[in-house]
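The structure appears below as C-alpha cells.
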Amino acid sequence: MEMSVQLQRPLHCKTVFADRGCLKFKPFTQSLLPLGGASAGYQVISVSLFEFCAVDSEFMIIFKFLLSLCNTIGLSLSESNAYFWVLLSASFLGFERSLVWRKESKTGLVAFCINSSADFSRKRQRKISTARPRSSSRKGFMPRSSIGTSNQKRGQKNTGVKGDSYTPTASEISGDNKKSLDVNIDAEEEGAVIFSQEKKSEVDITDETAGEASELALLNDKFDATEIYQGGENGNISVIEEELLKPQKEENSEIREIENVQDSERKPVDYEKINETIKETIIDTDDKMTGEASQTELAMEENLRKQVEASQLLKLELEANKRKQQEEASRLLKLEMEANRRKQEEEASRKLKLEMEANRHKEDEEASRLKLELEVRIREQEEAAKILLAEMEAISKQEEASRLLNLEMEESLRKQEEASRLLKFELEATIEASRKLKLEMETNIRRQELERIAEENFSQGIKLFVYPSVVKPDQDIEIFFNRRLSTLVNEPDVLIMGAFNDWRWKSFQVRLNKTHIKNDWWSCSLYIPREAYKVDFVFFNGKSVYDNNDGNDFLIPVDGGMDALAFDDFLLEEKRKELENLAQEQAERERQAEEHRKMEEEKAANEADKVKAREETERQREKFQQLIKKAVRSLHNVWRIEPNEFQSKDLVRLYYNKSSSPLSQAKELWIHGGHNNWKGGISFSEQLVPSDSDDGDWWYADDGSNTNVLYCNISWYVLIYDGAVVVVPDQAFVLDWVFADGPPHKAIVYDNNHKQDYHAIVPKGMPDEQYWADEEQLMFRKLQEERRLREEAIRAKAEKTARMRAETKERTLKGFLLSQKHIVYTEPLDVQAGNIATVFYNPANTNLNGKPEVWFRCSFNRWTHRQGPLPPQKMLPAENGTHVKTSVKVPLDAYMMDFVFSEREDGGDFDNKYGMDYHIPVFGGISKEPPMHIVHIAAEMAPIAKVGGLGDVVTSLSRAVQDLNHNVDIILPNYDCLNNNLVKDKQYHKNYFWGGTEIKVYHGKVEGLSVYFLEPQNGHFSVGCVYGRGNDGERFGFFCHAALEFLHQNGFHPDIIHCHDWTSAPVAWLYKDHYTQYGLSKARIVFTIHNLEFGAPLIGKAMANADKATTVSPTYSREVAGHSAIAPHLHKFHGILNGIDPDIWDPYNDKFLPVPYTAENVVEGKRAAKEALQQRLGLKRADLPLVGIITRLTHQKGIHLIKHAIWRTLERGGEVVLLGSAPDPRIQHDFENLANDLHSSHHDRARLCLKYDEPLSHLIYAGSDFILVPSIFEPCGLTQLTAMRYGSIPVVRKTGGLYDTVYDVDHDKDRAQAQGLLPNGFGFDGADAGGVDYALNRAISAWYEGRDWFDSLCKTVMEQDWSWNRPALDYLELYHSARKST
C-alpha cells in the first residue's frame, strides 16, 4: 500500500527547493515488534512532503495535516500525539537518525514505523537506479543485493531462472491478502529518505514469512526471503522481509482502510483531491491561527523545545533498539536459513541416493534383459548360417552340373557349325554352278536373239537396232550399228555422238566395239537418264565422216518417263537453281569486291587524313609562332600582371584599366579567357571588381578573399576568379582573353585588343617537338573520327532513302494492280510463277456488258511464250456479283501474263483494253523481260538544258524506265549554254557528215543516263540560248534529221524512238520517209505532246506518222481531243500523267534545306525551312500562313489570278513569295512595278524574285504552307506535284493535269477514293477573282483554325507517290503496244 502526499522542505533550510522529498513509513521486523508476536501485520505508509510555508507560524498547519493523515490511516491523535511531534521534530529539524513511532493496532497486531531523514545540508540528490529487474517487481523498487533461500532457489529451479535477483511481490507469493514489505536502509544515513529520479517515492509493501518452512508450504509452496546484507563497497543495505499470514476472519476498520490504500496501487492517486483538502485545511487553520497565534506562540515554543529534547533521547533509544533488533533478526534468519539449507541438502542427498539405487537396479535388470535377447539372436543367426551353408553347397553342385552341360552343348554346337559350313560351301558351289549355267544359257539365248534380230534387220537393210527393244528411263541399253550398211563402211573406228530430248540434255560420245555377229555389226552400251523422253545421236569416225541418217539424225523414243512439257518444266526448274547459284556467286563476288573497295578507300582515306593532319599541325605551329610574338607581359596603361616577374607556383594578379578601353562606360566588366590561341574555346569567365589601390580606373577579378590570382604550376595552371577555379589544361603555353561588359553570350561591347585579343606567355611552357608530334596524332585521330561519323551518317541516310524508295515502289505497284480492279484483278494480287492464278473479270464495266458468255484468252511474256496462246477458257460466275472467273497455271519462265476477253470461243466482240491488251506482271519467274532499247530525241533535258517541264520529263522518264532494266539513250543538241558542270565524263565520241555539214558527237552521263550531244558545225546551237531565235524551226529540223542519221551511221537498232513536242516532231515523218528502208525498220515511233499551244502544224504531222502518241495527263488528252491535229488520230492517242524525279526533288536529301525531313517529321522540317526562307528574303519572322508561287509569268499561268491572290493573301494576314520570270518583257516590267509596290507597302510580308533560282525554288517548296497554281490551262503541271513531295498543299484551278492530281478536301473525296487516294488540296473552277478567293480563303482559314488537321494533311500529301514509278509502267505498256502494231 502506498500513499503519497506532497510536502515542502522546512524554512530553516533557508531555501525553498523545487525537489520533492519523501517520507517512508516502514513496519518493524518480527524481532522488533513491541509484543514480539509473529502474527502481527506490518505496513508502510509513504507520505510525500507538501508545501509548508514557515516553521515558526505553521506548526498548526503541520498539526492539522498530521491529524488528517491519522484519520486517513485510522490512528487516534490522542494516542500518538507525542510520537508525531517527536517525529516531526526529527524530520524537519534535520536529525541524522530516524525516530521510530510504534502503535499497536486495535484489531490486529500491526505496528507502524515512520522513518524520516531530513539532511538538507546535502545538496546532491542520491542517485537511485531505476532499471527494472527481469521480474515484475513494482516500479521504483530496485534491490541492492539479494540472497535467496533454499525455497527461493527451488522456485528458481522450477521456473527455469538461474542467477536472477528476482524478488517476488506479495501478490506473486500469497495472493490478494498478502502485502509486500520493503525496507531500504542507506549505510551512510540510516533511515534516510530514498528519493526516486521522478521526484516521487513509492511505498513497497512486501510480506515475508516469519514462521517455519512447513507453515510457508501450507500457504503458498514458495518461500522467498532476502538476507539482510550490510557492508560492501558502498555500504548499501537492502532488506526485504516478508511474512505470510492468514487473513483474520474479522477485519477491523483500520485494516479495511489499509486494504483500500493497497488498492490505490492499482490506480493513480488523486493528487488534486488531496491538494484541495490540504489547502482547505490550511485556510481554515490560518484563520484560527491568526487569532490564536499570539496566545499559543510561547506555549508552542516551549512544547517544541521539550519535544525536541524528548525526541533526541527517544531517537537514541530507538537507534540502539533498532540495531539490536536488526542484529538479532539477522542472526535468527541466518540460523534458520542454515538449518533449512542443511535439511534441504540432506533431503536432496537422501533422495538422490535412493534415486541412484533405483536407477542402478533398473540398469541391471535392463542389462540382463538385453543379454538374454542377444543370446537368442546369436542362436538364431547361427541356425540361419547353417541353412545358408547348406544352400550354398547345393548351388555349388548345381553350378558344376551346369558347367559340364555347357561343355557338352558347346562341343555339339561346334560340330553343327562345322557341318553347316561344309553344307553352305557345297550349296554356294551349287548356286554358283547354277548361276554360271543360267548366265551361259541367257548369253546363248541373248546371242541367238541378237543374231536373229541382226539377221532380220540386215536382210531388210536396217543398220540400227537397240536391245532391249523398249527403252525406259534409268536403265542401260545396247545400241547395235551395222558398219557395212553405213557411210562408215571403210572406217576403222566407229563412235556415237548424241544427247537427249532433242539435243537439249546431257550430251555424250562413246566408241563402238565390233561384235561377234556376222555382217559387220558394232555395238556400245548407253545409260538412259530419268529425265529423258528421247535419245538423239549420229555415228562418225571420230573425225569428219558422219552417218546422220541422211540428215535426220537417229532417235530412240523413251517410254515411261517425262514428256516434252514436263521436261520443259524440269529445265526451267534447273535453270532457276542455276540462276540462284549464279546469283549467290555473283553476290559473293560483289561482296568481296565491295570489301576490297572499302579497304582500299579506307587506306587512301587514312593516308589523306595523315597528310591533312600534318598540314594542319604545321599551320597551328606557324600560328603559334605568330602568337608568341604577340604575347607580352603587360600592355601599358591597359593591363598588367603583378608581380611583373613570376615563375611556376607563383601567385599573380591581372589588372585591367577600364578608362583606356571601349568599356569605359560599362557598368560591369568580365574577362573571357582561354589558352593556346583559344584552343577548345572559352575555358573561364569571371566578373571583375574595381581596384582601390591603383591610380586610374583599374579593375581585377575578386571574390573578397584575396584569392583572385593567376596560379602557375609547372604542368597545370589554375585561374581563380571570384571564388571559381578554372583549370587550364596541361601543355597550355599562352593564355588568351578579352574583356567584355557581360558574361559569354550576353555581352554586347568587347575590348579584344583591336580584334587581336590579349595574350600572355605562360612561364616555362614552350612546346617541344614531342608536343607537336602528339598534336599531329591527335589531329589525325580527330579527322578519322569525323570521317567515320560522316560516312556512317551518309550510309544510314542512303539506307533509309533506299528503304523508303522501295516501300514507295511497292505501294505504287500495288496501286497499279488495283487501279483496274473495277474491271479485272487476280488472286493473289501478285501472281507468282509456277503457281495457279485466278482471274476475276467484270464485263458490266466493259463493252462485253450483257453478253451471255465470256471467254478468256491468255498467253505469257507479251504473247511470245514458247507454249503459245492457251486454249480459250469459258469463265464461270464468281461469288461476288457480276464478276466471272477462271484459273490459269503460270509457267516458271513467265514474267508477264497477257490476256483479252471475247464473247465467244471462236471470237466475236473483244475487250482488249482499246488495243493495249491486259497485262499483269508475274513475280518469281526464272526469265526476265528482255530489255528494250529506247532512244529519246529531245530539245531539253534537266538539269543541263532546262526551260520548262519538257526537260524534267525527258530526264525523269528515262531514269524510271532505265530502273526497270531497259536501255535508254538521249540525243540532245550540244548547246553552248549547256551546264557542262553537271555532265559526267563528257568526251569527244566521233564525227560524221550530213547535208554537207560536219557534226561532232560527244558522249557523257547526266543523272546516270547516257547522252549523245550533237554539235553541227553550222553554228545552229552556238547562239547562247535554247529557244528564241528566228530560225528555231530550221535549227531543230536540222537536229532531228542529224539525230536519225547518227542512229543509222552508228548501227543503232532501237525498239522505240521517243520524240517530244514540236521541236522533235519531224523525227516521226523523217523516219518513215527516209530510214525505215535503211535498217531502222525495227524501231517504232512514240510522240508526246507536252503543250499544244506551240507548233500545232508540226504536231499534227507527227501524230499522223507516229505509231503511238501521248500527252501528259488524261484530262488534257480529253481537253484537246477535238483539236484538228489530234481528232483524226484518237485511236492511238493516250493520256499518261507525268511524274517528278524523287531523287532531284527529295526533302530528305535536299542540300538546299536547313533540316532534312520526311513525312514523319514534316512539321519540324517545314518550320525550319520557313524560318530560313523568311530570313533569306527579309520577311517577318513569324508563324503566318505562307503562300508560294513558282512559275513562268505567262498568260497560260494565269498572271491576273496570281496578282489577285497576292493581295488576297496579304489581306488575310499571310506572307507571299513569288519566284519566276516572264519571256515577254512587258509582263516582266509589269511584275517589276508590282514588286516595287509590294516591297514598299508590305516589305516584311511580300517578296517577288523575278528570276529563276534553283536553290531558292527548293526552299520555297519546303517553306511554303501553300503553293498556288492558277493556270488557265495546264497539260500536266509539275509544280503541284513537287509541292506535295515537300508537304506543301496545292491550291489549283481545276484544269488538265491539275485536275488529275489535286483532289479538293471538300468536294473530291469520292473521286480520290476511286483512285485509291485521299484528298490533298484546294481547287476552284472559274478563271476569275471569285474562284481564287473561294479556294484561297478555305485554305488560309483551315491553316488558322485547324493546325492539327492541316499538319496531318501535309503528312498525307508527302506519303502520296507522284514520282515516275506509276507513269513509267504506263509508258512501258505503251511501248509494247507500239511494237505490236504494224
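As the structure is a computational prediction, the values presented were derived from the model and not from experiment.
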Glu380 and Arg377: CA distance, side-chain angles, deciding distance, salt bridge (charged side-chain N to carboxylate O under 4.0 Å, His left out) verdict: CA-CA 5 Å; Glu380 290 176 350; Arg377 289 182 181 178; over 6 Å; no
Full working for salt bridge (charged side-chain N to carboxylate O under 4.0 Å, His left out) between Glu309 and Arg305: CA-CA 6 Å; Glu309 292 176 357; Arg305 183 184 59 78; 3.1 Å; yes
Where do Leu352 and Met356 land on the side chain to side chain contact (heavy atoms under 4.5 Å, CB included) test, with the steps shown first? CA-CA 6 Å; Leu352 180 61; Met356 290 176 62; 3.9 Å; yes
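To the nearest 0.5 angstrom, Leu314 atom CG is 11.0 Å from Gln312 atom CD.
Using a 4.0 Å cut-off between charged nitrogen and carboxylate oxygen, Arg323 and Glu327 do not count as a salt-bridge pair.
Put simply, the residue from Ile378, Val376, Leu370, Leu372 that forms a side chain to side chain contact (heavy atoms under 4.5 Å, CB included) with Leu374 is Ile378. Put simply, the residue from Glu347, Lys353, Glu346 that forms a side chain to side chain contact (heavy atoms under 4.5 Å, CB included) with Arg350 is Glu347.
Side-chain contact between Arg331 and Glu328 is present, with heavy atoms from C-beta onward closer than 4.5 Å.
Residues Glu365 and His361 bring a donor and an acceptor atom of their side chains to less than 3.5 Å of each other.
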